[in-house]
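Notes follow once the structure below has been shown.
Proteins come first, then strands; the chains are lettered A, B, ... in the order of their sequence lines, and each starts at number 1. Remember, it's a predicted structure, so these values are computed and weren't measured experimentally.
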Amino acid sequence: MDVSSIITSLNDDQRLAVSAPMQAMLVLAGAGSGKTRVLVHRIAWHIQVNHISPYNILAVTFTNKAANEMRNRIEELLETPARAMWIGTFHGLAHRLLRQHAKQAKLPDTFQVMDSDDQLRIIKRLMKNLNLDDSKWPPKQAQWFINAQKDEGIRAKHMHDNGDFYNRQMKDIYLAYEDVCQRSGLVDFAELLLRAHELLRDNEDLLAFYRQRFQQVHVDEFQDTNTIQYAWLRLLTEGNNNLFVVGDDDQSIYGWRGAKIENIFNFQKHYPEHGIVRLEQNYRSTGHILKAANTLIANNDNRMGKELWTAAGEGQAISLYSAFNEQDEAYFVVEKIRQWVRDGGLRSETAILYRSNAQSRQFEERLMTTATPYRVYGGLRFFERMEIKNALAYLRLSTNPHDDPSFERVVNTPTRGIGAKTLDDMRILAREQQLSLWQAALAMLESNQLPARASNALRGFLNLIIALGETTKELSLHETVKQVVETSGLIELYKKEKQDKGEARVENLEELVNAARLFDYDSENAENLGELDMFLAHAALEAGEMQGEVDEDCVQLMTLHSAKGLEFKLVFLVGLEEGLFPSQQALDDAGRLQEERRLCYVGITRAMQQLYLTHAESRRLYGKDSYPRASRFLRELPPESIQEIRLRANVSRPTTNSASQSKGLGSKGTYKLGQPVRHEKFGEGVVLQMEGEGEQERVQINFRNAGIKWLMLAYAKLDAA
DNA sequence: ATAACAGAGCTTTTT
DNA sequence: GCTCTGTTAT
């Protein structure tokens with residue numbers, strides 16, 4: 001076997017990591033330094049050089065995308081499939097363990113995974129039952145609280161309420177929630193991890209088995225692990241000193257959802273016999289960009305320490321543009337993108353990155369008016385769409401009728417005459433007698449307490465579900481799904497809905513049937529689970545990037561968080577303003593501020609060739625005009641790498657003060673400050689100031705190509721741009 | 001049972 | 001200011 005192929009293509013540091021002795025390893029991999037490459041080659045190294053069977057290897061990631069990519073790349077490198085190797089997300093692997101050992105995990109064989117939407121519904125319901133005022137106790141907060149406890153490995157019964165009223169209340173909700181989940185056979189995301197941890201912790205034989213099996217354990221994005229994930233990894237590797245982690249403390253941006261950057265420091269304590277490798281050579285960006293990133297992040301403390309460098313040249317300086325307002329910012333960015341495209345670039349090589357989703361709007365509008373194709377990331381994914389969740393609810397009920405959230409979701413969707421009264425009675429009965437809604441419904445039918453109409457409707461629904469369960473046994477998966485979608489009446493329902501929306505929903509349902517047809521049922525690894533149950537688990541664990549990908553060449557719009565791991569030739573990092581980025585909530589918290597800085601670092605390091613930074617001097621936020629100061633991050637960048645963009649030489653722009661003055665003037669006129677306009681001769685521009693009234697009304701406009709001009713409204717032919 | 005209305009909320013997201 | 005949710009009124 002030609003072993004050299006595994007390491008010849010690597011640089012010295014990468015090679016050091018890949019060929020390190022079999023011991024605990026910490027690889028600090030800077031942005032664009034070949035992190036995945038090292039993981040992939042390390043695993044190939046184990047297989048080919050250390051002769052470890054794929055069966056004895058475990059690799060954990062955070063996203064399905066990363067897991068799939070890793071498996072593909074390993075198989076490509078080895079030129080052989082390695083199905084026996086466990087590669088997956090924390091949640092996916094935990095799910096697999098729980099399936100395989102459901103009994104020992106104290107779960108029913110048919111347990112199903114629910115997403116956060118289902119979870120929130122359960123919590124809302126149960127809080128209503130507890131008579132809690134949801135304005136005083138927001139269900140979202142309770143959900144957040146429960147998940148935070150689970151992330152820390154804390155069960156309701158182990159919580160200390162410290163005599164605190166709030167904690168006491170939360171504890172009660174948590175207790176009730178655990179109860180409902182256990183009874184309906186439902187497991188939320190955090191529960192997967194917590195239970196998988198408990199499973200190993202409490203079953204010595206199992207733990208021994210897996211410790212022996214997983215001779216080498218690899219973790220990607222280690223800086224994002226939370227307490228329970230790290231605890232699980234420690235259980236698996238304790239005594240074996242075989243944990244290989246790759247991460248970047250400077251790219252830790254998920255502290256707010258429980259990620260513990262400290263795990264990196266703790267790793268060094270917990271595995272005293274470990275090696276460290278730093279990957280600092282960057283293969284993505286040019287010199288100025290890396291210099292900016294390095295200089296910025298140096299403002300953080302408690303770093304492991306790392307400095308990116310490149311063998312490529314300095315490249316172009318980073319451009320900084322101060323916009324008048326958010327429209328002008330969008331205008332500027334879109335113009336630059338159009339120029340890029342005119343110069344032969346692809347739209348898909350460009351990305352607009354922002355701190356919060358709400359910022360996408362201005363850019364979308366501008367892109368729309370210029371007929372520039374774009375794609376906004378984030379938002380609903382395929383399996384989260386209402387019509388899909390409804391169809392899945394029918395499927396879930398057909399395998400487990402005690403799934404209350406699914407029952408609630410579709411019992412009267414489409415409407416079949418099961419009203420609020422009937423449902424309320426059913427809920428009360430279910431709660432009083434500790435029954436599932438399904439059981440309560442059966443009981444009510446039996447006791448003949450319902451009016452005939454309601455009774456018939458309800459019986460109709462129950463029969464529908466039972467019939468679905470029967471057909472499932474005979475039909476293939478996609479036929480089952482097709483059957484459900486049709487006989488449930490969902491297709492009918494959405495066909496009637498207002499044209500475009502309903503049409504899209506019908507299409508999505510058809511796409512669901514298609515997804516079922518294409519579903520790759522790996523019966524070997526199905527852990528005795530039917531195809532339908534596997535499909536449902538798949539739907540919950542992999543919300544699906546697969547929303548009918550348009551392969552058009554599109555400008556990419558996304559938040560900084562979703563940009564992590566991606567790269568673009570041309571990047572716009574927008575809205576660099578105090579209160580927006582760094583966010584308002586981070587301003588008075590040193591720890592959060594540092595996380596914002598890391599986020600900025602992530603943003604900067606997405607750029608390969610050219611980076612634009614923009615901020616607006618005025619911005620409408622929550623319906624109010626604000627005049628934010630430029631982000632502190634801008635001041636933390638090396639001036640020699642930054643080039644300020646001026647539209648015209650020596651153009652003076654309104655300062656904060658004059659901007660607020662002109663706002664007053666603008667209120668009575670036809671035009672608004674910052675409004676984009678078009679003039680026959682001067683082309684496109686932005687309104688800067690207004691004065692006078694009626695015949696005398698004048699507008700000052702900053703024209704893109706003609707500079708700043710005062711125009712009499714009565715004579716100038718202006719159109720909204 | 002649908003539409004209209006009022007009220008809340010408003011960083012970031014994967015699983 | 002806008003969007004989403006849940007409630008109320010027809």
| task | Examine B:dT13: is either OP1 or OP2 under 4.0 Å from a nitrogen or oxygen in the side chain of A:T559? Give yes or no. | result | yes
| field | Nucleic acid contacts - residues 247-261 of chain A versus DNA chain C, non-hydrogen atoms under 4.0 Å | value | none
| For A:Y230, what residues pass the ring-ring contact (aromatic ring centres under 6.0 Å, His included) criterion, not counting sequence neighbours? | A:F222, A:H270
| message | The side chain of A:H561 is closest to which nucleotide in this list: B:dT12, B:dT15, B:dT11? | response | B:dT12
| request: Please report, rounded to the nearest Å, how far the C1' atom of B:dT13 is from the CG atom of A:L380. | output: 13 Å
| said: How many whole angstroms separate atom CG of A:D151 from atom P of B:dT15? | reply: 15 Å
| Roughly, in whole Å, what's the span from OH in A:Y377 to C1' in B:dT12? | 18 Å
| request: Determine the interatomic distance between P on C:dC4 and the same-named atom on B:dT13; round to the nearest Å. | output: 15 Å
| message | From the set B:dT15, C:dG1, B:dT12, return the single nucleotide nearest to any side-chain atom of A:R620. | response | C:dG1
| query | What's the CG-P distance between A:D117 and B:dT15, to the nearest Å? | reply | 16 Å
| field | Euclidean distance, atom OH of residue A:Y354 to atom C1' of B:dT12 [Å, nearest integer] | value | 12 Å
| Which ones in residues 191-200 of chain A lie close to DNA chain B, meaning a heavy atom under 4.0 Å from one of its atoms? | none
| note | Separation of C:dG1 atom P from A:E365 atom CD, nearest Å, is 15 Å
| message | Using the C1' atom as the point on both nucleotides, what is the distance between B:dT14 and C:dT3, in whole Å? | response | 24 Å
| Contact class for A:R416 (heavy atom, under 4.0 Å): base, sugar-phosphate, or nothing? | nothing
| query | OP1, OP2 of B:dT13 versus side-chain N and O of A:N357: anything below 4.0 Å? | reply | yes
| said: Using modelled atom types and a 3.5 Å cut-off, is there a donor and acceptor pairing between side-chain atoms of A:H197 and backbone atoms of A:Q229? | reply: no
| Under 4.0 angstrom, heavy atoms only, what part of the nucleic acid is A:E596 near: base, sugar-phosphate, or nothing? | base
Within the sub-3.5 Å range, which N or O atoms of nucleotides 3-9 of chain C have a protein N or O partner, and how far apart are they?
from  : atom 1 : to     : atom 2 : distance (Å)
C:dT3 : OP1    : A:R361 : NH1    : 3.3
C:dG6 : OP1    : A:K124 : NZ     : 2.6

| request: For A:R355 and for A:T415, find the nucleotide of DNA chain B with the closest heavy atom, then tell me which residue's nucleotide is more 5'. | output: A:T415
| side chain to side chain donor-acceptor pair (under 3.5 Å) between A:D188 and A:Q119, intermediate numbers included | CA-CA 7 Å; A:D188 63 53; A:Q119 184 185 35; 3.3 Å; yes
| task | Could you tell me whether the side chain of A:S626 and the main chain of A:R619 form a donor-acceptor pair under 3.5 Å? | result | yes
| request: Look at the side-chain N and O atoms of A:T89 and state whether any lies under 4.0 Å from the OP1 or OP2 oxygen of B:dT15. | output: no
| request: Tell me, yes or no, whether the heavy-atom count around A:R155 atom CZ, taken from other residues, nucleotides or ligands under 6.0 Å, exceeds 12. | output: yes
| request: Just jot down the ring-ring contact (aromatic ring centres under 6.0 Å, His included) partners of A:F461, sequence neighbours excluded, or say none. | output: A:F407
| said: The side chain of A:S562 is closest to which nucleotide in this list: B:dT13, B:dT11, C:dG1? | reply: B:dT13
| said: When you compare the side chain of A:E365 with that of A:R361, does any pair of heavy atoms fall below 4.5 Å? | reply: yes
| Of the listed nucleotides B:dT15, B:dT12, B:dT13, the one nearest the side chain of A:T63 | B:dT15
| request: Measure the shortest side-chain to side-chain distance between A:E329 and A:F324 over non-hydrogen atoms and say whether it is less than 4.5 angstrom. | output: no
| Just checking A:F62: base, sugar-phosphate only, or nothing, at a heavy-atom cut-off of under 4.0 Å? | sugar-phosphate
| request: Rounded off to whole Å, could you give me the NZ-to-C1' distance for the A:K624 and B:dG9 pair? | output: 14 Å
| note | Its glycosidic angle compared against 90° from 0, B:dT11 adopts the form syn
| message | I need the full list of ring pair (Phe, Tyr, Trp, His ring centres under 6.0 Å) pairs touching residues 408-428 of chain A, with sequence neighbours left out, sorted by first then second residue. | response | none
| query | Looking at A:R597 and A:E636, does any basic side-chain N land under 4.0 Å from a carboxylate oxygen? | reply | yes
| Should the pair A:W256 and A:Y254 be assigned to parallel (<30°), tilted (30 to 60°) or perpendicular (>60°) ring geometry? | tilted
| Would you say the side-chain atoms of A:E221 pair up with the backbone N or O of A:F62, donor to acceptor, closer than 3.5 Å? | no
| query | What does A:N64 touch in the nucleic acid at a heavy-atom separation under 4.0 angstrom: a base, only the sugar-phosphate, or nothing? | reply | sugar-phosphate
| query | Between the base of B:dT15 and the side chain of A:S116, is there a donor-acceptor distance below 3.5 Å? | reply | yes
| said: Distance check needed: B:dT15 P versus A:E542 CD, whole Å only. | reply: 7 Å
| request: Just say parallel, tilted or perpendicular for the rings of A:Y166 and A:W137, cut-offs at 30° and 60°. | output: parallel
